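All remarks here apply to the structure that follows.
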Amino acid sequence: MVVYFGWNHNGVKWHSWERWTLSQEEAFQEQVKKVAKENGKRLGLEGDADLQFLLVGGELVKIRSSSWKKNRFFKLQEDCKTFWHESHKTFRRNQTFSIDDIDSVRRGRQSEGLNKHTEPTVEEKCFSIIFKGRKKNLDLMAASGGEAKQWVNGLEKIISNMRNLSPQQKSEHWIINCMRKADKNGDDKMTLKEVKHFLRQINVEVDDTYAEEIFKKSDKSNSGTLEGSEIKDFYNLLTHREEVDVIFAKYAKTEGQMSVRDLQTFLLNEQREPATIEDAQKLIEKYELDEKAKQNKRMSKDGFLMYLHQEDGSILNPAHKHVYQDMHQPLNHYYISSSHNTYLMEDQLKGPSSTEAYIKALMKSCRCVELDCWDGANGEPVIFHGHTLTSKVIFRDVIKAIKDYAFKTSEYPVILSLENHCTLDQQKLMAHHLISILGDALVTKPLGNKMPTNFPSPEELKGKFLIKGKRLNKLEAFFNNNNTVEEDTVSEDDEAADCKENGQKAKPKKSKIKLAKQLSDIVIYCKSVHFNGFEHAKENQEFYEMSSLKESKAFNLAETSATAFTHHNMDKLSRIYPAGTRTDSSNYNPVPMWNVGCQIVALNFQTACKEMDLNQGRFLPNGFCGYILKPEFQRNLSSQFDPNALTNGPWLKRKTFHVMVISAQQLPKINKDKHKSIVDPLVRVEIHGVPGDIDSQETRHIDNNANLYYIYIRFEFEIHVPELVMVRFVVEDYDSTSQNDHIGQYCLPLTSVQNGYRHIPLLTKRGDVITSAGLFVHLMLIDAQ
């Protein structure tokens, strides 16, 4: 007998009492290599040197602070999806995380922690793993720059290849690896007992009779176990889509397959697409898996299923995945994805402030971020939520992070909304940092050689930063040589003044602050002014003068003066922000604000909630660029649109939206702590828009069935203003004794929905795609009778 010290296939360190013979160890290692090779091949990385490097693993220095730097062993497990690392915590000695949990990998000292706790000399050795949601970054340092590069390259390859797998490939990868875990003794065979364990792992509750039935169907060799191709047969039986069979059979009129003409008929009749023979031919070339069928210009059932799972068969119009709207309109003609108190990671009273919060918001295509600026130690201004216990972050570091990440997801302009509480000296330093760090990307004077009468367009402002804040004089000063004012007092920002109403320590309501000329001069198109009513704004405000309104005031105006509010937003910008009483960083409903044309509807991006689902859904189309062109009736001065009292006009386009929820696939188990917990799913379809369009309908729940969930329930929704409608699909786990658990959701504008048979991906509360899970529906938007 031989005693080994190492890591087993679950990433668990062997202890001295785990005794394996040499032959057992060799057999086990061969099995691990075989599984890793299969999974590497499935990811398109068979034999890849960087993948092999990760599978072997190695020691890295984990960094938490200047004094906490510990060596830890990291390795990729053989499923090529799970990372294991050792831990010295008493009850969590071995920890894992999934590749699916990773948002991005950053090479160098590009995280707040590494920037703070390491020296510039180790730049090449450092890298960070950034996780989705609120999970803390993993800051690491390798032994050399070359090793760090291999870790990053390997991780990026796996992440990229995993994300590029088709839904079918993801499903197969997931199910096969669940099978591996269920194969307790690792002999590549599955007993009936292991099959039952596997079904529970993938969230399917079946009685013993059914489990035995599919087991016997697959056990062609009558050996009492499943092995080789029998496991594949079992997988096919398990994932068989009878609803797709029915649709395919209806149109496959050519020797059991779809000819080009058959496919065109399906596209015209069911998908309501103006498809030509050429369009159908392109789909066959794009999605057909069988080479013989492709040569015969036909689509097999597998090719048809592949089409339904890809972007052409998705609910989101593929043309809307890219920038498709006119981006040459004035800036105020767009809804602009906007964040409130962007620096906060959690609540508004005692949570941390971080540059990471800005990076996360910008990577979600947020185009307006907020900076609350206060005097800091050593003469350096800081950002935090004043008069609270939230932590501070250095202003200069925030501007650097914004510069680095502003245009990675979208190339359209970013607005920096400054709430300025600093003394003159630190204001001058703020201006210096903005000008020196942002450089030519900062707009410091009006575009053109004469006084503008309207906003420039997002297209003209590509790659540019705009500063929103107080200004000492009118913009005309740039053109009449009257820009000599040095410094003066201005009224405090409205949001800062509102703090008093929320029980926070604040200055008197109409307090004044001194404003430095240097900071004033870089406020060009977004000058902050107090709101004194729509008539006053019409008579006295310039187009570039904008107001910030707290939610209660904005909602009141939207209810009582909707048409005036809409007209105000036709030539000016409006910013709406959450009430100060939302100390838990909750959010208001953004839809009523969009209904009256408000552009900068600022939300707490760090909070996972329905309101953020709606926000992410609103900005999902148009290339997820953070700008959505408002409907024409919210831009045309002759419009008399009132969302609360619908009259005849170009906005009124009565439609009936037919929704049939057909099935759901591979819904994740919510409560993983309960071994026998199985999802009892229900689906809700929500309509958000003008008050007359708001509606919600849901299916009944199905007990203990989450792998394939058939329902065939039809809903009808009457729509009046389709251009303002958001559709949200929600899947919940029904609970008769408490609130239902949220499984996933997907939200998008009705104008981006494709008709016909469509697959809908499901997103987590944080907006990340749930691998393999989805809904299958039939949708039809038609003119109302």
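Hydrogens, waters and symmetry mates are skipped; everything else that's a heavy atom, side chains included, is used. All residue numbers in this chain count up from 1 along the given sequence. If you're wondering where the values come from, they're calculated on a predicted model, not measured in any experiment.
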Is a side-chain donor-acceptor pair under 3.5 Å present for N332 with Q599?
no
Counting distance only, does the side-chain N/O of [X] pair as donor-acceptor with the main-chain N or O of [Y] below 3.5 Å?
| X | Y | value |
| --- | --- | --- |
| R471 | S520 | yes |
| Q634 | W594 | yes |
| S586 | R582 | no |
| S365 | T409 | no |
| Y358 | E370 | yes |
| S752 | L748 | no |
| N644 | A558 | yes |
| N378 | E380 | no |
| Q427 | K514 | yes |
| E545 | V529 | no |

Would you sort out whether S585 and D347 count as a side chain to side chain donor-acceptor pair (under 3.5 Å), showing the intermediate values?
CA-CA 5 Å; S585 295; D347 65 77; over 6 Å; no
Would you check, one step at a time, whether the test salt bridge (charged side-chain N to carboxylate O under 4.0 Å, His left out) holds for E356 with R106?
CA-CA 12 Å; E356 289 295 334; R106 296 184 202 152; 2.9 Å; yes
Hey, mind stepping through H385 and W374 against ring-ring contact (aromatic ring centres under 6.0 Å, His included) and telling me if it holds?
CA-CA 9 Å; H385 198 197; W374 299 79; 9.0 Å; no
For the [atom1] atom on [X], are there more than 12 heavy atoms of other groups (residues, nucleotides or ligands in this structure) within a distance under 6.0 Å?
| X | atom1 | answer |
| --- | --- | --- |
| K321 | NZ | no |
| K765 | NZ | no |
| K116 | NZ | no |

Atom pair [atom1]/[atom2] of [X] and [Y] - distance to nearest 0.5 Å:
| X | Y | atom1 | atom2 | result |
| --- | --- | --- | --- | --- |
| Y577 | E419 | OH | CD | 8.5 Å |
| H340 | I600 | NE2 | CD1 | 13.5 Å |
| D100 | T764 | CG | OG1 | 11.0 Å |
| L362 | S339 | CG | OG | 8.5 Å |
| L349 | T583 | CG | OG1 | 4.5 Å |

Do the rings of F531 and H568 sit parallel, tilted or perpendicular, given the 30° and 60° boundaries?
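Taking H568 first and then F531, their aromatic rings stand perpendicular (interplane angle over 60°).
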Parallel, tilted or perpendicular: which fits the ring planes of F534 and F565, with parallel below 30° and perpendicular above 60°?
tilted
Given ring-ring contact (aromatic ring centres under 6.0 Å, His included), test F131 with F97 step by step and report yes or no.
CA-CA 10 Å; F131 293 101; F97 59 86; 5.1 Å; yes
From I415, L416, N341, V398, residue fulfilling side chain to side chain contact (heavy atoms under 4.5 Å, CB included) relative to V369
L416
Trace of the side chain to side chain donor-acceptor pair (under 3.5 Å) decision for D680 with H701
CA-CA 6 Å; D680 301 331; H701 73 277; 5.7 Å; no
Please find the pair of heavy atoms, one from H742 and one from L763, that lie closest to each other, and give the distance.
NE2-O, 4.4 Å
Cationic tip of K527 above Y544 ring, under 6.0 Å, 45° of axis
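K527 over Y544 ring: no.
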Going by an N to O cut-off under 4.0 Å, is there a salt bridge joining D139 and R64?
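No, D139 and R64 are not salt-bridged.
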Which residues pass the side-chain contact (heavy atoms from CB on, under 4.5 Å) test with D404, not counting sequence neighbours?
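Result, side-chain contact (heavy atoms from CB on, under 4.5 Å) vs D404: Q110.
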Please report the C-alpha distance between Y343 and D372 in whole Å, then the side-chain angles of each, then the deciding distance to 0.1 Å, and finally whether the side chain to side chain donor-acceptor pair (under 3.5 Å) criterion is met.
CA-CA 8 Å; Y343 47 90; D372 286 0; 2.6 Å; yes
Is the ring centre of Y334 less than 6.0 Å from the ring centre of F455?
no
The test is salt bridge (charged side-chain N to carboxylate O under 4.0 Å, His left out); show your working for E551 and K553 and say whether it passes.
CA-CA 6 Å; E551 65 172 275; K553 187 168 188 175; over 6 Å; no
Residue pair S128, N137: steps toward the side chain to side chain donor-acceptor pair (under 3.5 Å) verdict
CA-CA 7 Å; S128 297; N137 299 345; 5.8 Å; no
